[in-house]
Structures are given as C-alpha cells and as structure tokens.
Amino acid sequence: MNKNNDAFEHLNSDSHALWDFEAQDFPLPEGSGMGRLQRYDFNDLLRLYRSEFRVQRDCVIDTSAAETELPNLLCSVLLLSGEMLLETPDGKQYEITPQSGIVYRVRDNGTRFLMKGGQTLRHIGVAGKISGLHKQLGEALPGALSCFSSFPESGVVSREVPVNTRLRSLLTNVFAPSTSVSDPLQEIALEGVSMSILAEVARTIMASDTEGTDRAPLWGEHIFESLTGYIRGNLDAPLKTDDICQRFGITRRQLTQLFQVSAQCSPREFLRRERLEHARVLIEQKGAPIKMVAAAVGYSHASNFSKAYRQYFGETPGHTVRLKATDIYAE
C-alpha cells in the first residue's frame with residue numbers, strides 16, 4: 001500500500017486548499033472541480049466525514065487540526081469510487097482505492113491528500129477518539145489494534161484495511177438517498193452506520209493477526225494471475241464456476257481458497273467488482289451509453305445492471321453520467 005510518487009508524479013500541485021478539520025463543509029480548491037465534504041459530529045467520541053467530488057483538475061488538500069486533539073484521533077480513509085494518495089507527516093504515501101483503505105493515527109499536522117483530475121471521488125472517513133476505543137475494548141487494545149496505543153518515533157502509525165463485502169455495504173449506506181435529507185432521524189441512522197464502519201474496520205485489522213501469514217502456494221499464485229486475467233478479458237461473457245474450474249484444472253474448493261487468500265473475497269464477489277469497476281470506467285472515461293455498458297460487463301438487462309451498480313457505488317449509473325456531463329460545461 002505504501003507507494004512511491006510514480007503513479008502521481010505528474011500531478012500539478014499548484015492547486016492547494018487547507019482543510020482545518022473543523023469546517024462543516026469543505027469545497028475543492030477553486031478551479032479544481034465541484035462537490036463538497038460534510039462533517040457530522042455525533043458525540044464527543046465519534047465523527048463522520050462524507051464527500052463527493054468531481055475532480056476536474058489535479059489538486060492537493062492540506063489538513064490541519066488542533067494540536068491537542070489530533071494525537072487522540074484514530075482516523076480512517078475509505079473510498080467508494082476514485083483513487084488518491086494520502087501523505088502522512090513523515091513523508092510516506094499510501095494509495096487509497098475502493099479495494100483498500102487506511103486507518104491511521106498521527107501526532108503532528110501535515111497530512112495531505114493528493115487527487116488526480118478526471119475522476120469522481122466518493123469518500124468516507126470515520127474518526128474516533130482513542131479514549132473511546134479504550135472505554136469499549138479496555139486499556140490494552142486487543143490484537144493488531146494494540147499498535148495504535150502509542151506512537152513510534154516517526155509519529156505515525158497506520159494499517160491497511162481491505163474493503164470486504166460487509167464493509168463496502170456499510171460505506172454504500174452512507175450515501176443512501178435518504179441520508180442526504182436534513183432530518184434528525186437520518187442523523188441517528190448515519191451515527192449507527194458510522195459506528196458499524198468503525199467496528200468492521202477494527203474487526204478487519206484484528207483478523208489480520210491470523211490471516212496475515214496465509215499465502216497461496218507458488219502454483220496457486222501462477223494460476224490466480226491467469227485466472228484474474230481471463231476474467232478481466234471476458235467480463236461480457238456468462239462466466240460459470242464449473243467452466244472456469246475445468247479450464248484451469250482446479251476444483252471448486254481450490255478456486256474459492258485461491259480467491260480468499262489472494263483477493264480476500266469469493267470468486268463471485270471478485271467478478272462482480274471487476275464488472276462494476278469496469279462499467280464505471282466505460283461511463284466516466286468513454287462516455288458509453290448505459291445499455292451498451294451493461295452488455296459490455298455481462299448484464300443482459302439494463303435494470304439488473306442499474307440495481308447492481310447502485311448497490312455497489314451508492315448511486316445510479318444515470319447519476320454517474322450526469323457527473324460526467326459536468327466536465328463538458330467546465331471546459
């Protein structure tokens with residue numbers, strides 16, 4: 001997850017904005033796009049950040065928080081769509097994608113978000129106070145969570161969080177249409193979802209204690225690479241488990257184990273993810289019509305495609321098309 005600058009080396013960093021963590025609403029730097037970030041304070045221990053940005057030009061978001069508050073926060077950065085780099089005060093960069101987020105704790109200000117233009121970012125961040133975790137889990141945080149109890153010399157501690165099916169479903173709920181309504185009951189619902197996200201993130205990190213040593217054998221790594229290449233090259237086809245097993249000479253059980261170890265998901269979940277992620281690329285970057293996109297990723301009915309797309313991204317394909325249209329008027 002820790003990355004060099006290569007993927008973002010041509011990013012134009014002239015467009016900056018400072019986010020002080022206390023703002024209830026935060027726009028992108030002028031000329032960089034449209035959208036906003038919203039903040040919800042549910043109690044003294046829990047906070048939710050939700051943003052949807054159509055990033056039209058490269059930009060950098062610098063962050064700043066009260067020096068007395070910052071070291072006590074455990075922060076998460078998760079995405080439903082788009083990608084960005086998070087740069088911590090020690091100079092390390094972490095690639096954030098819909099498949100992989102981050103949980104981190106920093107002692108000093110200086111965290112930055114680097115965003116490339118030409119994409120839609122849907123971001124969720126849940127921040128909780130360390131004291132709240134101690135209250136719920138004890139003075140000694142269990143398992144892999146124990147690393148967040150104190151700071152190393154660098155002043156930064158972080159853990160990668162793979163976005164599994166359960167976590168993604170919770171993230172999608174943050175963007176449910178009903179949650180955009182100004183209603184105290186909806187804020188209660190958002191608080192419940194935020195707590196569930198924090199719990200699922202913690203559970204995923206703790207599970208890494210036992211799963212971190214799992215690795216596919218060498219023959220499995222080779223087959224998995226061929227498997228995923230075959231799937232990505234045939235997203236429009238009605239791929240069946242038995243046909244795939246026969247093609248690669250493995251059993252159903254071996255197929256499931258390969259995906260669980262190498263992709264932390266089932267073969268069905270992997271196929272669904274690849275189809276829908278590719279569909280978004282076709283809409284955002286190619287401007288392809290929705291019916292054509294549905295057929296290109298293996299859906300014979302546009303209605304079924306729209307339902308699956310909405311469940312995965314928290315928005316309809318039509319909404320993505322409308323966001324794409326904003327680029328035309330911005331040029």
Tell me the closest heavy-atom pair linking [X] and [Y], and the distance in Å.
X	Y	value
Val60	Pro29	O-CG, 4.3 Å
Gly101	Leu78	CA-CD2, 3.9 Å
Val297	Ala279	CG1-N, 4.0 Å
Tyr104	Val106	CD1-CG1, 3.7 Å
Arg107	Pro71	O-CG, 3.6 Å
Val157	Cys147	CG2-O, 3.5 Å

[X] side chain to [Y] backbone, donor-acceptor under 3.5 Å:
X	Y	result
Thr111	Thr63	no
Arg57	Gly31	yes
Asp236	Ala295	no
Ser81	Thr120	yes
Thr228	Glu225	yes

Contact between [X] and [Y] at the side-chain level, heavy atoms closer than 4.5 Å - yes or no?
X	Y	result
Phe148	Leu133	no
Glu160	Tyr94	no
Glu200	Leu170	yes
Leu80	Val174	no
Arg122	Leu171	no
Gln38	Ser51	no
Ile197	Leu167	yes
Leu141	His134	yes

Return the [atom1] to [atom2] distance between [X] and [Y], rounded to the nearest 0.5 Å.
X	Y	atom1	atom2	answer
Ile96	Phe113	CD1	CZ	8.0 Å
Met84	Cys59	CE	SG	10.5 Å
Ser150	Arg105	OG	CZ	7.5 Å
Gln99	Glu83	CD	CD	10.0 Å
Lys116	Leu85	NZ	CG	8.0 Å
Leu255	Ile223	CG	CD1	10.0 Å

Between Arg280 and Glu284, is a salt bridge (Lys or Arg N to Asp or Glu O under 4.0 Å) present by the stated rule, with each step listed?
-> CA-CA 6 Å; Arg280 193 174 186 94; Glu284 286 196 326; 3.6 Å; yes

Do the numbers put Arg168 on top of the ring of Tyr312, so that NZ or CZ is under 6.0 Å from the six-membered ring centre and no more than 45° off the axis?
->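 Yes, cation above the ring, under 6.0 Å and within 45°.
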
Verify side chain to side chain donor-acceptor pair (under 3.5 Å) between Thr320 and Glu315, making sure each step is shown before the conclusion.
-> CA-CA 7 Å; Thr320 307; Glu315 67 181 27; 2.5 Å; yes

So, Glu69 and Arg47, do they make that salt bridge, N to O below 4.0 Å?
->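 Salt bridge flag = yes for Arg47 with Glu69.
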
Is the shortest distance from a Lys or Arg side-chain nitrogen in Arg252 or Asp242 to a carboxylate oxygen in the other one below 4.0 Å?
->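 Yes, this pair counts.
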
Given the rule in the salt bridge (Lys or Arg N to Asp or Glu O under 4.0 Å) test, do Arg272 and Glu269 qualify, once you have shown the distances and angles that lead to the verdict?
-> CA-CA 5 Å; Arg272 178 172 177 266; Glu269 290 168 341; over 6 Å; no

Should [X] and [Y] be regarded as members of a common hydrophobic cluster, given that ILVMFWY residues are connected when their side-chain heavy atoms come within less than 4.5 Å of each other, either directly or indirectly?
X	Y	value
Ile250	Leu239	yes
Leu137	Leu74	yes
Leu73	Phe151	no
Phe42	Leu45	no
Leu276	Met292	no

Would you check, one step at a time, whether the test side-chain contact (heavy atoms from CB on, under 4.5 Å) holds for Thr316 with Ser306?
-> CA-CA 6 Å; Thr316 63; Ser306 295; 5.9 Å; no

From CA spacing to verdict: side-chain contact (heavy atoms from CB on, under 4.5 Å), Ser32, Gln56 | CA-CA 5 Å; Ser32 295; Gln56 294 163 340; over 6 Å; no

Taking only residues two or more places apart in sequence, or in another chain, which ones meet Tyr309 in a ring-ring contact (aromatic ring centres under 6.0 Å, His included)?
-> Phe305, Phe313

Take Glu274 and His278 through the side-chain contact (heavy atoms from CB on, under 4.5 Å) test and state the conclusion after the steps.
-> CA-CA 6 Å; Glu274 291 297 315; His278 184 57; over 6 Å; no

Taking atom types as modelled, find out whether Tyr40 and Glu191 have a side-chain donor-acceptor pair closer than 3.5 angstrom.
-> no

May I have the step-by-step check of side-chain contact (heavy atoms from CB on, under 4.5 Å) for Met115 and His123, ending in yes or no?
-> CA-CA 12 Å; Met115 305 177 183; His123 150 263; over 6 Å; no

All pairs passing side chain to side chain donor-acceptor pair (under 3.5 Å) where residues 295-305 contributes a residue, at least two apart =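 Every pair satisfying side chain to side chain donor-acceptor pair (under 3.5 Å) with a residue in residues 295-305: there are none.
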
